[in-house]
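See structure below.
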Amino acid sequence: MAEITNDPRLAELVKELYTAKQNEEVAKKARIAVEERIAALVETPENGSRTVDTGVMKVTVKRENSYKLDDERLFADTFPGLVKEVPASWKIDVKAYEAERAKDSETYREACHHVTVTPKKVSVSLKV
C-alpha cells in the first residue's frame with residue numbers, strides 16, 4: 001500500500017507535474033496539427049521523402065507504409081522471394097514487394113491478398 005504523506009512540498013510538486021503534463025499534451029497536439037499542415041503542402045512519393053528549403057530553414061517530409069502479413073509462414077512458403085527471415089518469424093522484404101508491385105507481376109497480384117499496407121504517421125523534421 002502506498003505511503004501517505006502530508007508534506008506540502010510533495011503536493012506542490014505533484015500539482016506542478018500535473019500542469020506540465022497537461023501543457024505537454026496541448027503542445028503535442030499543436031505540433032501534430034502543424035506537421036499535418038506542412039505535410040499537406042509538401043508532395044512526396046508514397047514511400048519517400050523530400051526536403052524543401054523555406055528560406056528560413058529546411059523541412060523534410062517523409063512518408064512510409066507499414067506492411068502486415070496475415071499469415072507469415074504461409075506467405076514465406078508461397079512467396080519466398082518477398083520475405084526476409086528474422087529471428088523467430090518472417091518479415092516482408094519491402095523492396096522486393098514494392099519492385100513486384102511496380103511491375104504489376106503475377107507474384108504481386110497473388111501476394112497482395114495476404115498483405116495489409118497502411119500509411120505510417122508522416123514524419124516532419126527541421127534543419128536550422
Side-chain angles (χ1 to χ4, degrees):
M1 188 161 172
E3 181 182 330
I4 299 174
T5 181
N6 292 327
D7 187 334
R9 295 173 301 171
L10 180 58
E12 281 303 311
L13 288 171
V14 168
K15 285 188 220 174
E16 192 176 322
L17 177 60
Y18 179 75
T19 300
K21 285 185 170 280
Q22 286 183 316
N23 291 340
E24 184 177 48
E25 189 59 33
V26 169
K28 179 181 175 184
K29 287 179 182 177
R31 175 186 54 82
I32 290 171
V34 172
E35 287 177 349
E36 289 172 350
R37 290 171 45 205
I38 290 170
L41 294 175
V42 179
E43 291 185 31
T44 65
E46 185 178 329
N47 273 312
S49 64
R50 180 173 174 209
T51 300
V52 177
D53 189 343
T54 67
V56 178
M57 61 184 75
K58 292 181 181 180
V59 62
T60 300
V61 175
K62 181 179 180 182
R63 289 183 170 83
E64 290 182 284
N65 286 326
S66 174
Y67 299 81
K68 183 178 180 206
L69 300 174
D70 56 3
D71 184 332
E72 294 176 356
R73 189 70 192 155
L74 176 64
F75 189 86
D77 290 344
T78 309
F79 308 102
L82 298 183
V83 294
K84 294 188 248 184
E85 188 172 2
V86 293
S89 72
W90 292 90
K91 180 180 173 187
I92 191 164
D93 183 334
V94 173
K95 286 185 179 183
Y97 181 81
E98 286 297 330
E100 292 299 320
R101 177 179 153 181
K103 293 188 288 189
D104 193 27
S105 69
E106 183 65 29
T107 299
Y108 167 73
R109 288 193 298 275
E110 291 177 21
C112 72
H113 299 290
H114 305 281
V115 180
T116 303
V117 179
T118 54
K120 292 181 180 178
K121 181 187 172 296
V122 176
S123 166
V124 177
S125 59
L126 301 173
K127 282 189 181 179
V128 180

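Hydrogens, waters and symmetry mates are skipped; everything else that's a heavy atom, side chains included, is used. In what follows, residues are counted from 1 in the order of the sequence shown. In this text the structure is predicted, and so the values were computed from the model without any measurement.
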Next on the checklist: Applying side-chain hydrogen bond (donor to acceptor under 3.5 Å, both in side chains), can you list everything that pairs with T78, at least two apart in sequence or on another chain?
Outcome noted: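 Testing T78 for side-chain hydrogen bond (donor to acceptor under 3.5 Å, both in side chains), a comparison that skips the adjacent residues, returns none.
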Item to check | Of L82, D70, I92, the residue whose pairing with V115 passes side chain to side chain contact (heavy atoms under 4.5 Å, CB included) | outcome: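 Running side chain to side chain contact (heavy atoms under 4.5 Å, CB included) over L82, D70, I92 with V115 returns exactly one hit, I92.
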Please enumerate all residues that pass salt bridge (Lys or Arg N to Asp or Glu O under 4.0 Å) together with [X], with sequence neighbours excluded.
X	result
D71	none
E106	R109
R9	D7

Next on the checklist: Quick test of your reading: applying ring-ring contact (aromatic ring centres under 6.0 Å, His included), list the pairs with at least one residue in residues 9-31, sequence neighbours left out, ordered by first then second residue.
Outcome noted: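 Listed by first then second residue: nothing to list.
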Quick one: side chain to side chain contact (heavy atoms under 4.5 Å, CB included) partners of [X], sequence neighbours excluded?
X	result
T19	N23
S66	T118, K120
V83	F75, A76, W90

Between [X] and [Y], is there shared hydrophobic-cluster membership here, with clusters defined by ILVMFWY side-chain heavy atoms closer than 4.5 Å?
X	Y	result
M57	I38	yes
V34	V52	yes
V56	V59	yes

Checklist entry - Does atom NZ of K95 have more than 12 heavy-atom neighbours, drawn from other residues, nucleotides or ligands, at distances under 6.0 Å? => result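 No, the 6.0 Å shell around NZ holds no more than 12 heavy atoms from other groups.
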Next on the checklist: For the CZ atom of F79 and the NE2 atom of H114, what is their distance to the nearest 0.5 Å?
Outcome noted: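 Here the interatomic distance stands at 4.5 Å.
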Next on the checklist: Rounded to the nearest 0.5 Å, what separates atom CD in E64 from atom OG in S123?
Outcome noted: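 Reported value, rounded in 0.5 Å steps: 8.0 Å.
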Item to check | salt bridge (Lys or Arg N to Asp or Glu O under 4.0 Å): pairs with one or both residues in residues 18-31, sequence neighbours excluded | outcome: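 Checked against salt bridge (Lys or Arg N to Asp or Glu O under 4.0 Å) - neighbours excluded - the pairs reaching residues 18-31 are R31-E35.
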Checklist entry - With sequence neighbours left out, which residue pairs that include part of residues 41-50 fulfil the salt bridge (Lys or Arg N to Asp or Glu O under 4.0 Å) condition? => result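 Qualifying pairs, neighbours excluded: E46-R101.
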Item to check | Partner residues of Y97 under the ring pair (Phe, Tyr, Trp, His ring centres under 6.0 Å) criterion, sequence neighbours left out | outcome: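 Checked Y97 against ring pair (Phe, Tyr, Trp, His ring centres under 6.0 Å); matches are Y67, Y108.
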Item to check | For V26, the rest of its hydrophobic cluster, which grows through side-chain links under 4.5 angstrom | outcome: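 None, because no other hydrophobic side chain comes under 4.5 Å of this residue.
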